[in-house]
Amino acid sequence: CSSFNPRILSRLKTLRPQTRTALILGPLRNLKMKLDIASYIVNRLTKLDCTAAHLSVRIARERVVNKLIAAGFDVAIWTVDDCDTAVRLASYGVGGIITNVPEEIVRIRSRLEATN
């Protein structure tokens, strides 16, 4: 289960602790620029006992994704409708791409797998 609302995820974990949860994160507008966004996200996910993060493509930078994966979280990115962006994100090791054009993303993925 995933949600933008941490209270919903917290309540769900209280009711069903075994449920895998993901916090959906959009652009973090109110944070100071000097803040380590990756550490902030890892701390939030850990406090909520989440297993994954669903990040907006606008905050899915390589160092952020790498830090989340290194901390043991699954990472999916939304909304990725551009094939070049999907390829770049796949190279970071994200586990999922959330898109409005799945046929294009699958076609690109198939071509990449064929060349590897």
Side-chain angles (χ1 to χ4, degrees):
C1 294
S2 62
S3 177
F4 284 100
N5 189 326
R7 284 179 286 187
I8 290 172
L9 296 175
S10 182
R11 179 75 175 134
L12 178 60
K13 286 301 238 184
T14 299
L15 296 171
R16 296 197 51 147
Q18 71 278 15
T19 302
R20 293 175 44 93
T21 56
L23 181 61
I24 305 171
L25 293 150
L28 305 172
R29 293 182 186 98
N30 296 328
L31 297 178
K32 293 180 182 178
M33 294 306 291
K34 293 182 181 179
L35 181 68
D36 178 356
I37 291 172
S39 293
Y40 171 80
I41 294 170
V42 166
N43 288 338
R44 284 196 73 190
L45 296 173
T46 301
K47 285 180 183 177
L48 292 167
D49 195 24
C50 289
T51 56
H54 294 172
L55 303 178
S56 163
V57 70
R58 295 176 62 193
I59 61 172
R61 303 295 176 254
E62 186 172 16
R63 74 174 173 74
V64 173
V65 171
N66 288 342
K67 190 160 190 170
L68 293 171
I69 291 171
F73 297 103
D74 295 325
V75 179
I77 311 300
W78 59 274
T79 300
V80 182
D81 293 339
D82 174 72
C83 291
D84 291 336
T85 302
V87 168
R88 179 176 47 82
L89 293 168
S91 76
Y92 299 169
V94 300
I97 300 285
I98 301 164
T99 183
N100 293 311
V101 291
E103 16 347 274
E104 289 182 40
I105 302 300
V106 168
R107 188 176 28 126
I108 289 294
R109 179 179 168 198
S110 296
R111 269 196 264 155
L112 288 173
E113 289 174 349
T115 60
N116 292 333

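Heavy atoms only: backbone and side chains are in, while hydrogens, waters and symmetry mates are out. Numbers for residues simply follow the sequence, beginning at 1.
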Not counting sequence neighbours, list each pair that qualifies as a side-chain hydrogen bond (donor to acceptor under 3.5 Å, both in side chains) and has a residue in residues 81-104.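 Only D81-T99, D81-N100, D82-T85, R88-Y92 qualify under side-chain hydrogen bond (donor to acceptor under 3.5 Å, both in side chains).
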How far apart are the closest heavy atoms of L48 and S10, and which atoms are they?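 Residues L48 and S10, closest heavy atoms: CD2-CB, 4.2 Å.
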Do you know which two heavy atoms are closest between A53 and A22, and how far apart they sit?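 It is N-CB, 4.4 Å.
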Is there side-chain contact between [X] and [Y], with at least one heavy-atom pair below 4.5 Å?
{"X": "V94", "Y": "L55", "result": "no"}
{"X": "V57", "Y": "L89", "result": "yes"}
{"X": "D74", "Y": "R20", "result": "yes"}
{"X": "R109", "Y": "I97", "result": "no"}

How far apart are the C-alpha atoms of I37 and I59, what are their side-chain angles, what is the distance that settles it, and do they pass the side-chain contact (heavy atoms from CB on, under 4.5 Å) test? CA-CA 9 Å; I37 291 172; I59 61 172; 5.5 Å; no
Taking the hydrophobic residues Ile, Leu, Val, Met, Phe, Trp and Tyr, and joining any pair whose side-chain heavy atoms are under 4.5 Å apart, which ones share a cluster with I24?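 Grouped by the 4.5 Å side-chain rule, F4, W78, I98 form the rest of the cluster around I24.
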About how many Å separate [atom2] of [Y] and [atom1] of [X], when rounded to the nearest 0.5 Å?
{"X": "S2", "Y": "I8", "atom1": "OG", "atom2": "CD1", "value": "10.5 Å"}
{"X": "T21", "Y": "L9", "atom1": "OG1", "atom2": "CG", "value": "5.0 Å"}
{"X": "R44", "Y": "L25", "atom1": "CZ", "atom2": "CG", "value": "6.0 Å"}
{"X": "L12", "Y": "C1", "atom1": "CG", "atom2": "SG", "value": "5.0 Å"}
{"X": "L23", "Y": "T51", "atom1": "CG", "atom2": "OG1", "value": "11.0 Å"}
{"X": "R107", "Y": "R111", "atom1": "CZ", "atom2": "CZ", "value": "5.5 Å"}

Within residues 48-57 or reaching into it, pairs that qualify as salt bridge (charged side-chain N to carboxylate O under 4.0 Å, His left out) - sequence neighbours excluded: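 Those involving residues 48-57 are K13-D49.
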Residues in side-chain contact (heavy atoms from CB on, under 4.5 Å) contact with [X], at least two apart in sequence or another chain:
{"X": "T46", "answer": "V42, F73"}
{"X": "V87", "answer": "I108, L112"}
{"X": "R7", "answer": "N5"}

Flag yes if I77 and Y40 sit in one hydrophobic cluster, no otherwise; membership is Ile, Leu, Val, Met, Phe, Trp, Tyr, and two members link when side-chain heavy atoms are under 4.5 Å apart.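 Yes.
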